[in-house]
Amino acid sequence: MELSAKAAEFADTIIRLYGEKKQAKAEGAGENANDKPKETVPVEIVKDKYSVDYTKWEKMPETADEDPTKKLSPEENEYLKQMGCFHDRRKERELYEKSTKEKLDNAKRFKEEGNAALKVKDYEKASYLYQKALLQFDYTFTDTKEEDEIFNKEKEACHLNFGLVRSYQKNFEDALNQYALALQINKKSIKALYRMAQIYIQQDKFEEAREKIEKAKEFDPQNAEVANLMLELQRKVEAHKQREKNVYKNIFSG
């Protein structure tokens with residue numbers, strides 16, 4: 001109770017002092033009523049990042065660069081050319097409208113040029129040419145059995161060779177994808193199965209490698225290269241087991 005009484009006394013004192021100060025201010029204002037009022041200085045309001053008014057940008061007139069009549073075509077726009085964002089279907093339409101024979105001939109020519117680049121280990125050029133060859137197939141629709149055979153033969157070869165290039169470039173996921181696409185055309189492709197197994201062995205994916213080798217042996221039981229690859233796989237598995245055994249031995253002996 002003693003604390004409450006002191007608090008009440010303090011509050012009364014504050015109220016009294018405030019009243020006296022207010023009265024003195026009012027009297028002073030009356031005496032200086034004829035004086036020129038002081039000029040007020042505008043207070044600058046600082047806006048945070050969430051209160052900025054962006055509407056002024058919406059009202060700005062278009063510049064010459066934004067004039068639709070002056071916009072660059074996709075071919076003239078260097079940025080779009082670099083990004084590959086043409087949205088211009090003329091090239092695709094031109095390719096589509098070519099005859100099936102012309103597209104198959106072009107695909108074969110690009111494939112052979114890619115093979116030549118692969119032989120001299122120009123992998124970037126070879127990769128580019130195989131992709132150009134494969135693009136021809138995307139716009140080719142065969143009409144005869146003969147065209148079907150040429151289409152499948154050339155496209156399978158492109159996927160196989162492109163996969164080989166990607167392997168040399170250490171892009172194994174791409175290589176596996178190309179071999180898988182070759183198998184979609186020819187499920188008995190020994191080259192595709194063999195090369196996939198080789199990659200899996202390098203990656204220590206022994207079960208996947210064994211599956212591909214056994215599949216290749218099923219289609220070609222007398223293939224010596226496939227048999228040798230199985231022996232290589234067995235040696236790799238044994239070496240891997242021995243390394244694991246040594247690791248555990250060192251752990252428990254330490």
Side-chain angles (χ1 to χ4, degrees), residues 100 104-105 107-123 126-127 129-138 140-247:
T100 299
L104 290 175
D105 287 346
K108 185 176 181 180
R109 176 168 57 85
F110 290 135
K111 182 204 73 176
E112 290 174 349
E113 291 176 2
N115 293 348
L118 177 57
K119 284 182 180 178
V120 296
K121 300 182 179 181
D122 188 347
Y123 301 133
S127 178
L129 288 165
Y130 289 135
Q131 289 180 79
K132 286 194 70 173
L134 289 167
L135 183 63
Q136 306 298 311
F137 297 114
D138 290 340
T140 300
F141 302 93
T142 57
D143 296 315
T144 67
K145 184 177 180 180
E146 181 183 1
E147 287 177 347
D148 279 343
E149 291 175 354
I150 295 171
F151 180 97
N152 290 331
K153 178 184 176 183
E154 295 297 330
K155 190 177 183 185
E156 179 188 354
C158 284
H159 283 305
L160 288 171
N161 294 351
F162 190 22
L164 188 59
V165 169
R166 300 307 272 162
S167 290
Y168 287 138
Q169 293 175 316
K170 306 300 181 183
N171 192 329
F172 297 117
E173 292 307 313
D174 251 14
L176 288 169
N177 183 54
Q178 292 302 317
Y179 297 142
L181 290 170
L183 286 172
Q184 287 182 10
I185 299 168
N186 176 15
K187 67 178 183 179
K188 296 183 178 181
S189 175
I190 302 301
K191 283 186 178 179
L193 293 166
Y194 181 90
R195 292 175 184 174
M196 291 179 86
Q198 283 184 312
I199 292 174
Y200 287 135
I201 289 173
Q202 288 186 53
Q203 297 176 332
D204 289 345
K205 296 180 178 179
F206 302 130
E207 289 305 315
E208 290 89 338
R210 188 183 302 278
E211 178 189 345
K212 299 304 177 187
I213 294 172
E214 288 177 350
K215 184 67 69 175
K217 285 179 66 178
E218 178 185 331
F219 296 135
D220 189 359
Q222 305 305 318
N223 191 302
E225 290 184 349
V226 173
N228 289 334
L229 190 60
M230 179 61 86
L231 293 175
E232 180 185 341
L233 172 61
Q234 291 170 352
R235 287 193 296 269
K236 286 274 289 187
V237 170
E238 288 302 318
H240 184 76
K241 288 181 178 177
Q242 188 60 48
R243 285 198 304 272
E244 284 188 335
K245 190 180 294 184
N246 292 337
V247 169

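Side chains are part of it too, since the values below use all heavy atoms of this structure and drop only hydrogens, waters and symmetry mates. Sequence positions, counted from 1, serve as the residue numbers for this chain.
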Testing Gln234, Arg235, His240, Lys241 one by one against Val237 for a side-chain contact (heavy atoms from CB on, under 4.5 Å), which residue passes? Lys241
How far does CD1 of Ile185 sit from SG of Cys158, to the nearest 0.5 angstrom? 9.0 Å
With sequence neighbours excluded, tell me which residues meet side-chain contact (heavy atoms from CB on, under 4.5 Å) with Glu146. Thr144, Ile150
State the NE2-CG distance between His159 and Asn177, to the nearest 0.5 angstrom. 8.5 Å
Listed by chain and number, what are the side-chain hydrogen bond (donor to acceptor under 3.5 Å, both in side chains) partners of Ser167, not counting sequence neighbours? none
Listed partners of Phe219 passing ring-ring contact (aromatic ring centres under 6.0 Å, His included), at least two apart: none
What residues, two or more places apart in sequence or in another chain, satisfy side-chain contact (heavy atoms from CB on, under 4.5 Å) together with Glu218? Lys215
Heavy-atom distance under 4.5 Å between the side chains of Leu104 and Phe137, does that happen here? yes
How many angstroms lie between CG in Leu135 and OG1 in Thr140, if you round to the nearest 0.5 Å? 9.0 Å
Which atom pairs, donor and acceptor, lie under 3.5 Å between side-chain atoms of residues 222-232 and protein residues at least two apart or in another chain?
| unit_1 | atom_1 | unit_2 | atom_2 | d |
| --- | --- | --- | --- | --- |
| Asn223 | OD1 | Glu225 | N | 3.0 |
| Asn223 | OD1 | Val226 | N | 3.1 |
| Asn223 | ND2 | Asp220 | OD2 | 3.1 |
| Asn228 | ND2 | Ala224 | O | 3.3 |

Set out, in order, the CA-CA distance, both residues' side-chain angles and the distance that settles side chain to side chain contact (heavy atoms under 4.5 Å, CB included) for Phe141 and Thr100, then state yes or no. CA-CA 7 Å; Phe141 302 93; Thr100 299; 5.6 Å; no
Going by salt bridge (Lys or Arg N to Asp or Glu O under 4.0 Å), name the pairs with one or both residues in residues 159-179, residues two or more places apart or in two chains. Arg166-Asp174
Donor-acceptor contact present, side-chain Glu147 to main-chain Asp143, <3.5 Å: yes
Can you name the ring-ring contact (aromatic ring centres under 6.0 Å, His included) partners of Phe172, sequence neighbours left out? none
All salt bridge (charged side-chain N to carboxylate O under 4.0 Å, His left out) counterparts of Asp105, not counting sequence neighbours: Lys101
Quick one: are Leu164 and Tyr179 in side-chain contact, heavy atoms under 4.5 Å? yes
Is the NZ atom of Lys236 crowded by more than 12 outside heavy atoms at less than 6.0 Å? yes
Quick one: do the Asn115 and Asn161 side chains pair a donor with an acceptor below 3.5 Å? yes
Please list all pairs meeting salt bridge (Lys or Arg N to Asp or Glu O under 4.0 Å) that have one or both residues in residues 107-123, counting only residues at least two apart or in different chains. Arg109-Glu113, Lys111-Glu154
Proximity of Phe110 and Tyr130 rings by center, below 6.0 Å: no
From CG (Leu118) to CZ (Phe162), nearest 0.5 Å: 11.5 Å
Side chains of residues 189-213: which donor-acceptor partners sit under 3.5 Å, not counting sequence neighbours?
| unit_1 | atom_1 | unit_2 | atom_2 | d |
| --- | --- | --- | --- | --- |
| Ser189 | OG | Glu156 | OE2 | 3.3 |
| Ser189 | OG | Ala192 | N | 3.3 |
| Arg195 | NH1 | Leu160 | O | 3.0 |

Working to the nearest 0.5 Å, report the span between CG of Leu176 and CG of Asn171. 9.5 Å
Applying side-chain hydrogen bond (donor to acceptor under 3.5 Å, both in side chains) to Asp148 and not counting sequence neighbours gives Thr142
Which residues pass the side-chain hydrogen bond (donor to acceptor under 3.5 Å, both in side chains) test with Gln136, not counting sequence neighbours? none
